[in-house]
Amino acid sequence: MNYLIMLGNEEYLTGYNISKNIEEDTVSSSTQREDVPKEFIFTNQSDALATLEEVRSLFNDDEGIRVVLDA
């Protein structure tokens, strides 16, 4: 079973970088499942949840950012 992180209803997380300078923080996403790199296809739920918390911190803990099962 694989887990992915979604930003909203149609965008998959494809990358992020948290910097010491908040203005340099970046998040990338795609509406295409095929664009998700291997490092963001999680086989372990706890790894997915840890990454989810980091990404949510960039969006004021937005609950619309969530872990989903990859069907």
Side-chain angles (χ1 to χ4, degrees):
M1 189 173 331
N2 292 327
Y3 304 90
L4 302 171
I5 295 177
M6 301 230 25
L7 310 174
N9 290 330
E10 298 182 15
E11 294 186 47
Y12 296 97
L13 177 69
T14 58
Y16 76 100
N17 180 43
I18 298 176
S19 172
K20 290 182 181 181
N21 181 352
I22 194 167
E23 294 173 2
E24 296 175 4
D25 292 345
T26 59
V27 174
S28 59
S29 63
S30 175
T31 57
Q32 302 298 313
R33 160 61 181 90
E34 302 80 34
D35 293 340
V36 178
K38 289 181 182 180
E39 62 263 24
F40 292 107
I41 300 173
F42 302 95
T43 58
N44 181 309
Q45 186 179 22
S46 62
D47 291 342
L49 292 173
T51 300
L52 174 69
E53 291 303 315
E54 290 180 6
V55 173
R56 274 188 176 170
S57 74
L58 299 171
F59 292 94
N60 297 318
D61 297 322
D62 183 346
E63 292 184 10
I65 300 169
R66 64 200 183 283
V67 171
V68 296
L69 290 174
D70 186 20

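Quick caveat, the model's predicted, so the values are computed rather than measured.
Taking 4.5 Å as the limit, some side-chain heavy atom of R33 sits within range of a side-chain heavy atom of D70. A heavy-atom distance below 4.5 Å is found between the side chains of F59 and V27. Considering only heavy atoms from C-beta on, Q45 stays 4.5 Å or farther from V67 through its side chain.
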(request) Decide side-chain contact (heavy atoms from CB on, under 4.5 Å) for F40 and L4; before the verdict, give the C-alpha distance in whole Å, the side-chain angles of both, and the deciding distance to 0.1 Å. (result) CA-CA 7 Å; F40 292 107; L4 302 171; over 6 Å; no
(request) Check the pair T51, D47 against side-chain contact (heavy atoms from CB on, under 4.5 Å), reporting the backbone distance first and the verdict last. (result) CA-CA 6 Å; T51 300; D47 291 342; 5.6 Å; no
(message) Could you walk me through whether L13 and V36 satisfy the side-chain contact (heavy atoms from CB on, under 4.5 Å) test, starting with their C-alpha distance in whole Å, then the side-chain angles of each, then the deciding distance to 0.1 Å, before giving a yes or no?
(response) CA-CA 7 Å; L13 177 69; V36 178; over 6 Å; no
(request) Determine, step by step, whether M1 and T43 satisfy the side-chain contact (heavy atoms from CB on, under 4.5 Å) criterion, reporting the C-alpha distance in whole Å, the side-chain angles of both residues, the deciding distance to 0.1 Å, and the verdict. (result) CA-CA 6 Å; M1 189 173 331; T43 58; over 6 Å; no
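Here S46 contributes atom OG and L52 contributes atom CG; the two are 12.5 Å apart, rounded to the nearest 0.5 Å. Note that the CZ atom of R66 and the CD1 atom of I5 stand 11.5 Å from one another [nearest 0.5 Å]. Within the model, atoms CD of E54 and CG of N17 stand 10.5 Å from one another, a figure rounded to the nearest 0.5 Å.
For N60 (side chain) and D62 (main-chain N/O), no donor-acceptor pair under 3.5 Å exists by modelled atom type. Remark: side-chain polar atoms of D25 are paired, donor with acceptor, to backbone N or O of S19 under 3.5 angstrom.
Closest of all the heavy-atom pairs between E11 and T31 is CG-CG2, 4.1 Å.
Atom CD of E63 has 12 or fewer neighbouring heavy atoms from other residues, nucleotides or ligands inside a 6.0 Å radius.
Looking at T14 and S28, their side chains do bring a donor and an acceptor atom within 3.5 Å of each other.
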